[in-house]
Amino acid sequence: MPWHPPPACYLWRMMIVLLALATLAFLLSPALTEPFMGYAPGSFPVEQVDPPVQPAGYAFAIWGVIYIWLGVMAAYGVWKRRSSDAWARVAWPLTLSLGPGAAWLWVAGFAPITATVLIFWMLGCALWALLRVPATDRWLLQTPVALYAGWLTAAAHVSLGVVLGGYGVLSATGAAVLCILMALAVALWVQRQRPRAPEYGVAVGWALIGIAVDNADSNLPVMALALAGLLAVVAMALRSIWKGRTHAA
């Protein structure tokens with residue numbers, strides 16, 4: 001009897017299940033690796049002790065919020081949205097981000113350059129997913145994806161900044177300035193493309209606050225740039241809210 005491929009709806013349902021599995025692996029990864037407190041200073045030819053591009057330690061607590069919301073999203077998708085085409089379109093790129101992302105903490109422990117390449121892959125796929133998020137299910141789909149993509153926007157550029165400084169490509173301050181500007185360029189572009197996803201800007205803004213706090217007593221140029229970037233992100237968010245209200249009226 002000839003084999004026939006499964007119908008499209010079955011494939012879509014499998015995408016939601018694959019997303020749940022990738023999310024589960026991502027959520028379990030911190031329990032399976034050593035606690036990650038940033039790249040070890042001795043991992044680089046130029047030792048990186050408290051690099052200025054890195055936010056204050058408390059800022060990383062946002063991962064707890066992201067983990068919980070991603071878990072709720074994955075469970076709800078399997079429970080209520082297995083036949084949703086809109087969810088499946090988001091599930092594909094998000095699975096490509098979360099699946100490999102489950103290995104990031106392990107890779108970061110011994111290979112900063114590989115970890116930087118990997119986190120930019122995660123970011124690219126997360127932004128792809130965010131740009132596909134439908135208008136429905138804002139709190140159960142858009143919010144976790146936007147928070148995840150927003151924090152990755154900051155985290156990927158932080159990783160790049162530490163590597164650039166660690167290998168002597170730029171000074172620690174020069175790497176911080178360049179990578180903050182790069183992160184801001186990405187963030188403002190995404191906010192322009194997805195003006196109704198303010199959660200993305202919240203995550204980026206949280207990282208910028210952390211960078212400003214960490215540099216308040218040691219690196220005034222980086223602190224000033226982080227605060228200026230925060231104002232730009234907030235201004236873009238307020239502009240989007242204002243335009244949305246104007247169109248609604």
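Counting begins at 1 with the first residue of the sequence.
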Can you tell me how far the [atom1] atom of [X] sits from the [atom2] atom of [Y], to the nearest 0.5 Å?
X: Thr143; Y: Asp137; atom1: OG1; atom2: CG; value: 10.5 Å
X: Leu141; Y: Arg81; atom1: CG; atom2: CZ; value: 9.5 Å
X: His157; Y: Ile211; atom1: NE2; atom2: CD1; value: 11.0 Å
X: Leu130; Y: Gln142; atom1: CG; atom2: CD; value: 7.0 Å
X: Asp214; Y: Asp50; atom1: CG; atom2: CG; value: 4.5 Å
X: Asn215; Y: Thr173; atom1: CG; atom2: OG1; value: 8.0 Å

Step by step, work out the side chain to side chain contact (heavy atoms under 4.5 Å, CB included) result for Trp189 and Met236. CA-CA 10 Å; Trp189 179 82; Met236 180 66 81; over 6 Å; no
Could you go through Val222 and Val53, starting from their C-alpha distance and side-chain angles, then the distance that decides it, and tell me whether this counts as side chain to side chain contact (heavy atoms under 4.5 Å, CB included)? CA-CA 8 Å; Val222 172; Val53 73; over 6 Å; no
For the hydrophobic clusters of this structure (ILVMFWY residues joined by side-chain heavy atoms under 4.5 Å, transitively), does one cluster hold both [X] and [Y]?
X: Leu96; Y: Leu24; answer: no
X: Val117; Y: Leu105; answer: no
X: Leu231; Y: Tyr200; answer: no
X: Val202; Y: Ile66; answer: no
X: Leu19; Y: Trp79; answer: yes

Distance-only, no hydrogens or angles: does the [X] side chain make a donor-acceptor pair with backbone N or O of [Y] under 3.5 Å?
X: Arg132; Y: Arg89; value: yes
X: Trp104; Y: Ala115; value: yes
X: Arg194; Y: Ala146; value: no

Please tell me if the side chains of [X] and [Y] come closer than 4.5 Å, counting only heavy atoms from C-beta onward.
X: Trp139; Y: Val72; answer: no
X: Val162; Y: Pro112; answer: no
X: Trp106; Y: Ser29; answer: no
X: Leu131; Y: Pro93; answer: no
X: Ser97; Y: Tyr148; answer: yes
X: Ile180; Y: Leu208; answer: yes
X: Leu94; Y: Met73; answer: yes
X: Thr153; Y: Val190; answer: no

How close do [X] and [Y] get, heavy atom to heavy atom, and via which atoms?
X: Ala20; Y: Val78; answer: CB-CG2, 3.5 Å
X: Ile119; Y: Ala155; answer: CD1-CB, 3.8 Å
X: Gly201; Y: Val233; answer: O-CG1, 3.6 Å
X: Ala232; Y: Leu188; answer: O-CD2, 3.8 Å
X: Ile16; Y: Ala91; answer: CD1-CB, 4.1 Å

Do other residues, nucleotides or ligands put more than 12 heavy atoms under 6.0 Å from Arg192 CZ?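 No, CZ of Arg192 has 12 or fewer neighbouring heavy atoms, counting only those of other groups under 6.0 Å.
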Near Trp128 CH2, under 6.0 Å, is it more than 12 heavy atoms from other residues, nucleotides or ligands?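 Count over threshold, so yes.
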Leu160 and Met182: side chain to side chain contact (heavy atoms under 4.5 Å, CB included), yes or no, with the steps? CA-CA 10 Å; Leu160 178 61; Met182 290 172 63; 3.8 Å; yes
Is the ring pair Trp151/Trp63 parallel, tilted or perpendicular, if the boundaries are 30 and 60 degrees?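 Because their plane-to-plane angle is over 60°, the rings of Trp151 and Trp63 count as perpendicular.
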Would Trp206 and Tyr58 satisfy ring-ring contact (aromatic ring centres under 6.0 Å, His included), going step by step from the backbone distance to the final call? CA-CA 10 Å; Trp206 178 253; Tyr58 76 85; 5.5 Å; yes
Could you walk me through whether Met223 and Leu227 pass the side chain to side chain contact (heavy atoms under 4.5 Å, CB included) test, one step at a time? CA-CA 6 Å; Met223 182 192 74; Leu227 291 177; 4.2 Å; yes
